[in-house]
K.L.:
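Starting off with a structure, shown below.
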2 protein chains.
Amino acid sequence: MTTRRRAAPDAATAEQVSLGRLDHYLGFRLRRLQNQLSKQFAAATALHGLRSGLFTALAIIEANPGISQNRLAREVGLDKSLVVLILDDLEKRGWAERRRSAADRRRHELGLTDEGQRMLNQLFESLDETEKGVFDRLSPDEIEQLHQLLDRAYSLWDDGAK
Amino acid sequence: MTTRRRAAPDAATAEQVSLGRLDHYLGFRLRRLQNQLSKQFAAATALHGLRSGLFTALAIIEANPGISQNRLAREVGLDKSLVVLILDDLEKRGWAERRRSAADRRRHELGLTDEGQRMLNQLFESLDETEKGVFDRLSPDEIEQLHQLLDRAYSLWDDGAK
DNA sequence: TATTGTTATACTCTATAACTATA
DNA sequence: TATAGTTATAGAGTATAACAATA
């Protein structure tokens with residue numbers, strides 16, 4: 001087991017701080033790595049000042065043109081009232097549009113503008129570079145392994161709830 | 001590649017929503033899995049109403065008895081003013097104590113109470129069960145693989161910053 | 001009556017800066 | 001002058017409930 005950051009058991013006064021039992025949990029390592037990744041991505045896209053959830057919303061709309069705000073909310077795991085704010089933001093930027101549905105006039109059908117599509121492509125490029133940087137030390141095989149392990153671990157809990 | 005949640009490309013009206021390009025990024029899978037994990041853990045410990053950062057702080061104090069608030073802050077990646085609130089909370093619960101340092105009277109030396117130690121043990125048991133549940137489908141070998149891959153990917157960015 | 005989107009409200013989380021007491 | 005801890009404030013992020021329009 002790798003213990004790079006591990007110091008002596010009670011080295012509170014020394015330079016290194018021990019992680020103790022935390023170091024043996026996947027949850028901790030998952031969070032730690034994901035934090036690094038999202039900080040890197042936020043830094044790479046800082047000039048746009050993207051609010052949280054905005055990038056994901058953009059990507060889901062791209063993959064599901066015409067999706068309603070309600071379904072989008074469920075998919076990103078946010079309340080529909082939050083999605084209203086995200087859509088307000090996206091429309092203000094000119095990256096997405098609400099179109100009243102002809103079939104069900106309560107709904108909005110969501111879509112990207114050309115500008116939004118260009119931005120999304122650009123954001124995915126930033127994400128590509130970020131991930132390339134962070135996962136530098138892993139071989140393509142190992143990255144694929146990681147994908148599969150994460151996917152299998154998650155699929156158990158895909159209960160469609162919330 | 002596993003595509004369990006993948007629907008037809010533009011199936012906005014069908015039951016399944018496509019994740020589109022997101023599905024090909026480790027950042028997305030990391031976040032998704034980590035969300036599940038932390039929701040499960042929060043649910044398992046809901047009766048205590050633990051504020052965010054409290055569990056981690058407790059674990060770091062256990063592993064580094066006598067640590068200062070400043071070092072704790074750096075280790076958990078929060079501002080020292082946040083750590084004040086967490087310590088207030090921990091003391092109110094009777095789980096941790098601040099003791100004025102004799103060597104440097106500006107500092108507090110942090111430590112767990114017996115009650116805090118018992119609680120932490122109990123919380124780690126909950127975490128054990130949570131992880132056991134979530135990573136049910138992975139073999140011990142695969143779990144160890146996951147540990148190592150996550151650890152190696154992270155260590156690149158262990159720059160001690162912030 | 002139920003659902004989609006909206007608004008209002010409040011609560012948590014976090015960052016920043018100013019303050020105090022010690023060094 | 002610098003550091004450890006504290007306080008106050010403000011800004012995000014999020015959840016909840018009430019509401020209007022439509023089904």
Side-chain angles (χ1 to χ4, degrees), chain A residues 12-13 15 17 31 34-35 38-39 42-43 45-46 48-57 61 64 66-92 96-111 161-162, chain B residues 12-13 15 17 31 34-35 38-39 42-43 45-46 48-57 61 64 66-92 96-111 161-162:
Chain A
T13 52
E15 185 49 36
V17 173
R31 182 159 56 88
Q34 201 254 311
N35 271 353
S38 64
K39 271 183 202 163
T45 62
H48 298 299
L50 305 181
R51 68 175 290 155
S52 103
L54 198 144
F55 170 64
T56 304
I61 295 173
N64 306 272
I67 191 174
S68 73
Q69 294 184 198
N70 234 344
R71 292 193 61 72
L72 176 57
R74 258 177 291 156
E75 192 59 22
V76 299
L78 297 174
D79 191 83
K80 57 192 172 129
S81 63
L82 252 295
V83 169
V84 171
L85 302 182
I86 290 175
L87 260 290
D88 287 351
D89 193 340
L90 284 174
E91 282 198 326
K92 215 175 308 166
E97 289 174 339
R98 294 158 156 123
R99 288 174 310 245
R100 190 59 75 176
S101 162
D104 180 345
R105 294 185 42 71
R106 292 172 303 181
R107 296 195 182 194
H108 284 145
E109 294 171 351
L110 306 178
K162 174 101 237 193
Chain B
T13 51
E15 185 51 35
V17 172
R31 181 159 57 87
Q34 201 254 311
N35 271 352
S38 63
K39 270 183 202 163
T45 63
H48 299 297
L50 305 182
R51 67 176 290 155
S52 106
L54 198 143
F55 170 65
T56 303
I61 295 173
N64 306 273
I67 191 174
S68 72
Q69 294 183 199
N70 233 344
R71 292 193 62 73
L72 176 57
R74 259 177 290 155
E75 192 59 23
V76 299
L78 297 174
D79 191 84
K80 56 188 173 134
S81 62
L82 251 296
V83 170
V84 171
L85 302 182
I86 290 174
L87 260 291
D88 287 349
D89 193 339
L90 285 174
E91 284 199 324
K92 214 176 308 167
E97 290 174 338
R98 293 157 155 123
R99 289 174 308 245
R100 190 59 73 176
S101 162
D104 181 345
R105 295 185 42 71
R106 292 171 303 181
R107 293 194 184 194
H108 284 146
E109 294 173 350
L110 306 179
K162 197 315 40 154

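The basis for the numbers below is simple: all heavy atoms, side chains too, and nothing from hydrogens, waters or symmetry mates.
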K.L.:
B/Arg107 side chain: which of D/dG5, C/dT16, C/dG5 is closest?
P.N.:
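Of the options given, the side chain of B/Arg107 lies nearest D/dG5.
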K.L.:
Is there a side-chain contact between A/Lys80 and A/Val84 in this structure, where contact means two heavy atoms from C-beta onward sitting under 4.5 Å apart?
P.N.:
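A/Lys80 does not reach A/Val84 side chain to side chain.
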K.L.:
C/dT22 base to B/Arg105 side chain: any donor-acceptor pair below 3.5 Å?
P.N.:
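Answer no: no donor N or O sits under 3.5 Å from an acceptor.
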K.L.:
Specify the residue among A/Arg106 and A/Leu85 whose closest nucleotide of DNA chain D lies further upstream toward the 5′ end.
P.N.:
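By nearest-heavy-atom nucleotide position, the 5'-most residue is A/Leu85.
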K.L.:
Let me know which of A/Glu109, A/Arg107, A/Arg98 forms a side-chain hydrogen bond (donor to acceptor under 3.5 Å, both in side chains) with A/Gln69.
P.N.:
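Between A/Gln69 and the candidates, side-chain hydrogen bond (donor to acceptor under 3.5 Å, both in side chains) is satisfied uniquely by A/Arg98.
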K.L.:
Measure from the side-chain heavy atoms of B/Lys80 and tell me the nearest of C/dA15, D/dA4, D/dA23.
P.N.:
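Of the options given, the side chain of B/Lys80 lies nearest D/dA4.
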K.L.:
Of all the nucleotides listed (C/dT3, C/dA17, D/dT14), which has the minimum atom distance to the side chain of A/Asn70?
P.N.:
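From the listed options, C/dT3 comes nearest.
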K.L.:
Could you tell me whether the side chain of A/Ser81 has a donor or acceptor atom within less than 3.5 Å of a complementary atom in the base of D/dT16?
P.N.:
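Such a pair exists between side chain and base.
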K.L.:
Do A/Arg74 and A/Val83 have side chains that approach each other closer than 4.5 Å (heavy atoms only, starting at C-beta)?
P.N.:
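When only atoms from C-beta onward are counted, A/Val83 and A/Arg74 do not touch, as no gap falls below 4.5 Å.
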K.L.:
What's B/Ser101 touching, base or sugar-phosphate or nothing? Going by heavy atoms closer than 4.0 Å.
P.N.:
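Counting heavy atoms under 4.0 Å across all strands, no contact is made by B/Ser101.
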K.L.:
Just by distance, with hydrogens left out, do B/Ser68 and B/Asn70 show a side-chain donor and acceptor under 3.5 Å apart?
P.N.:
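On atom types as modelled, these side chains do not qualify, holding no pair under 3.5 Å.
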K.L.:
In whole angstrom, what separates B/Arg51's CZ from D/dT14's C1'?
P.N.:
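B/Arg51 atom CZ is separated from D/dT14 atom C1' by 16 Å.
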